[in-house]
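One structure is given below, encoded as structure tokens.
Counting convention: from 1, in listed order, for ligands and their atoms alike. Heavy atoms only: backbone and side chains are in, while hydrogens, waters and symmetry mates are out.
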Amino acid sequence: MTSFVGLVLAAGLGKRMKSSLPKALHQVAGQPMIDHVIGTLIKSGASRVITVVGHEGHILQEHLAGRSETVWQHEQLGTGHAAAQAGPALAGYAGNVIVIPGDVPLLSASAIQNLVEAHETRGYAATVLTMVVDDPDEYGRVVRDPSGHVSSIVEYRDASDEIRAVREVNTSVYCFNNHNLFNALPLLSNDNQQGEYYLTDVISVLISQNLPVGAVALDDASEGMGINSRVGLAAAEQAMRDRKRRSLMEDGVTLVDPASAFIDTQVTIGRDTVIMPFTVISGSTSIGESCSIGPYVHIRDSAIGDGCNVGPFAFVRPGTVLGARVKVGDFVEVKNSRVGEGTKIPHLSYIGDAVLGAGINIGAGTITCNYDGVAKHTTVIDDGAFVGANSNLVAPVRVGQNAYIATGSTVTTDVPAEALAIARARQENKDGWVAKRRAAQAAKEEKK
Ligand code: UD1
Ligand code: CA
């Protein structure tokens, strides 16, 4: 397969989203839709990616920096007009262009590869990726002539009842010969219900030029879902999460209750790890083998080593790296910290901006006091230390190797290795105090 250019259309307002965020930046399974689309293009072999931006284009441009070139469509006059804006960027290019909207996050790289392959082997000027659906809704209908060749795409709003009955629809993903596309675009008219220049009309223009046009139908129609509203967004979310769950299970991860495991697409999990119910694993998190995660755990942008035990009710925040066999137990929050092999933080703790060695025991209720109201500071705890329950470690502070912190201490200065630190008021017992007070109260009553 020769290479191709990916042209992403993302200048539209996304009116039906009712949002101030550009539609393509709405997230599906933890990633903006446009990132899924661009990732898929690159995975399928695109040599170059160009995105047409317009509505809130600066936000998109910044978001895409370094990953996609951008061209502007200053006025949103339709998908055909949007594609035309890439003319100067593609001038003189003799290869194929995959045009794809920014709102098809579920499409797979293999679907694009199949499309390009069919386009090339059959020598088409344009090949439309279609799908056959039970509910064709407002998709453009793919109209074929009696011999089965595509003759046009008719937008829902412009379609007769007869055409609306067609269940093969346009995914809005196409492979075009670059010259044929840009020769046809200036010939589009906006004489339709929406007064827009439709990219779909390029198909009938090419046919009128006697150029060969083909269509390839998706094997799995769910991949072609175009997201136009929040309802569609939720459907895509569901579909993508299901896909992720399936692939994790196929790779040897147990999801005790798949429906309540919310795992972003970029997350990696090793085999024999068990994910318990109500667990959210997001961002670019990696989890090792043979871990037990959950129930009720949220892990984000962190690396969890092999054999770790996280949860129930734990919150592991960005920048956390857990070594092998670490325990992060109930009501523990760990943020931006490194935790060495075999260390245990079993209950009710906050560990933030800390570097913990191996084989440490952190008692219940231990808090790293990392923030002085202005800056964050680091707590270092060396291997083998024992931090008694309900201790406060006021950063910056270091607890040396094998040191002991007495329960209830507020540690403000470094503790040497092998030392015991007691940092709390000494207890005083006043013998007979209760009886004395009782007697004093009784005397008072008598006076009244
Ligand atoms: C489009 C297709 C329809 C297809 C459907 C599949 C057209 C005319 N219709 O309809 O046949 O079934 O996708 O999902 O192409 N855009 C611009 N500039 C514009 C207008 C749109 O960049 O002026 C971009 C949008 O940001 C979006 C994409 O083009 O990413 C598609 O636009 P949208 O309005 O979602 O088209 P649909 O009505 O879904
Ligand atoms: Ca759409």
Near Gln76 (heavy-atom distance under 4.0 Å), the atoms of ligand 1 are 23 (O)
Under 30°, 30 to 60°, or over 60°: which ring-plane class applies to Trp72 and His58, parallel, tilted or perpendicular? tilted
Glu75 N/O under 3.5 Å from ligand 1 N/O: no
Quick note on ligand 1: atoms under 4.0 Å from a heavy atom of Gly140 include exactly 3 (C), 4 (C), 11 (O), 12 (O)
### N or O pair under 3.5 Å between Tyr174 and ligand 1
no
among protein heavy atoms, the one nearest atom 13 (O) of ligand 1 is Ser172 OG, 3.2 Å
The protein heavy atom nearest to atom 14 (O) of ligand 1 is Tyr139 CE2, 3.7 Å
At under 4.0 Å between heavy atoms, what of His55 touches ligand 1? The answer is neither
One finds that the ligand 1 atoms under 4.0 Å from a non-hydrogen atom of Gly102 are 30 (O)
protein heavy-atom neighbour closest to atom 23 (O) of ligand 1 works out as Gly78 N, 2.8 Å
d(Ser20 OG, Glu56 CD) to nearest 0.5 Å is 7.0 Å
Short version for Val169: what comes under 4.0 Å of ligand 1, heavy atoms counted, is neither
_Cation-pi check for Tyr156 against Arg164: NZ or CZ below 6.0 Å from the six-membered ring centre and within 45 degrees of the axis, yes or no?_
yes
Near Asp103 (heavy-atom distance under 4.0 Å), the atoms of ligand 1 are 35 (O)
task: Using non-hydrogen atoms of the residue, decide whether Leu77 is closer than 4.0 angstrom to ligand 1.
output: yes
Atom 39 (O) of ligand 1: closest protein heavy atom, distance to 0.1 Å, is Asn228 OD1, 3.5 Å
**Request:** Kindly indicate, with the supporting measurements, whether the criterion side-chain hydrogen bond (donor to acceptor under 3.5 Å, both in side chains) is fulfilled by Asp145 and Ser147.
**Result:** CA-CA 5 Å; Asp145 66 21; Ser147 60; 2.7 Å; yes
| message | Determine whether Val339 and Val328 satisfy the following criterion, side chain to side chain contact (heavy atoms under 4.5 Å, CB included), listing intermediate values before the conclusion. | response | CA-CA 10 Å; Val339 181; Val328 172; 6.0 Å; no
Closest non-hydrogen contact found for Ala259 with Arg245 is O-NH2, 3.6 Å
Note: Thr171, heavy atoms under 4.0 Å from ligand 1, region reported as backbone
Logged contact type for Arg16 with ligand 1, heavy-atom cut-off 4.0 Å, is side chain
Query - Ala82, any N or O under 3.5 Å of ligand 1 N or O - result: no
closest protein heavy atom to atom 26 (O) of ligand 1 is Gly12 N, 2.8 Å
For Thr79, the ligand 1 atoms with a heavy-atom partner under 4.0 Å come out as 7 (C), 8 (C), 15 (O), 20 (C), 21 (C), 29 (O), 31 (C), 32 (O)
Practice task
Taking only Lys NZ, Arg NE, NH1 and NH2, and the carboxylate oxygens of Asp or Glu, determine whether Arg167 and Asp135 approach each other closer than 4.0 Å.
Solution key: no
*asked:* Counting only nitrogen or oxygen atoms and a 3.5 angstrom limit, does Lys23 reach ligand 1?
replied: yes
Exercise for review: Give yes if a backbone or side-chain nitrogen or oxygen of Ala11 is under 3.5 Å from a nitrogen or oxygen of ligand 1, and no if not.
Suggested key: yes
When distances are taken from atom 28 (C) of ligand 1, the protein heavy atom at minimum range is Pro101 CB, 3.6 Å
Distance col, row Asn228:CG vs Asp103:CG, nearest 0.5 angstrom, shows 5.5 Å
| query | Is a salt bridge present between Lys244 and Asp264, judged by a nitrogen-to-oxygen distance below 4.0 Å? | reply | no
Rounded to the nearest 0.5 angstrom, the SG-CG distance for Cys369 and Asp353 is 12.0 Å
Within the 4.0 Å heavy-atom cut-off, what Asn170 brings close to ligand 1 is both
*Is there a side-chain contact between Val71 and Gln73, using heavy atoms and a 4.5 Å cut-off?*
no
In terms of heavy-atom contacts, Ala354 and Thr368 come closest through CB-CG2, 4.4 Å
Here the atoms of ligand 1 under 4.0 Å from any heavy atom belonging to Gln73 are 17 (C), 18 (N), 19 (C), 22 (O), 23 (O)
Check: Run the side-chain hydrogen bond (donor to acceptor under 3.5 Å, both in side chains) check on Lys344 and Asn309 step by step: do they pass?
Finding: CA-CA 9 Å; Lys344 293 187 169 64; Asn309 199 326; over 6 Å; no
Quick look: Glu155 vs ligand 1, heavy-atom contacts under 4.0 Å, and the answer is side chain
Protein-side N, O or S atoms sitting under 3.0 Å from the Ca ion (ligand 2) are Asp103 OD2, Asn228 OD1
among protein heavy atoms, the one nearest atom 30 (O) of ligand 1 is Leu9 O, 2.8 Å
Exercise for the section: Begin with the C-alpha distance, continue with both residues' side-chain angles, and end with the deciding distance and a verdict on side chain to side chain contact (heavy atoms under 4.5 Å, CB included) for Leu218 and Leu107. Expected result: CA-CA 9 Å; Leu218 278 172; Leu107 198 71; 4.0 Å; yes
- prompt: With side chains defined as the heavy atoms from C-beta onward, is the minimum distance between His26 and Leu21 less than 4.5 Å?
  reply: yes
**OP:** Evaluate the criterion side-chain hydrogen bond (donor to acceptor under 3.5 Å, both in side chains) for residue pair Glu120 and Asn96; output intermediate values, then yes/no.
**Re:** CA-CA 9 Å; Glu120 286 194 340; Asn96 294 318; 3.2 Å; yes
Output for pair (Asp330 CG, Ser349 OG), nearest 0.5 Å, gives 9.5 Å
Gly226 to ligand 1: N or O pair under 3.5 Å?
-> no
ring-ring contact (aromatic ring centres under 6.0 Å, His included) filter on Tyr174, not counting sequence neighbours, yields Phe176
Taken to the nearest 0.5 Å, the spacing of Ile293 CD1 from Ile269 CD1 works out to 7.5 Å
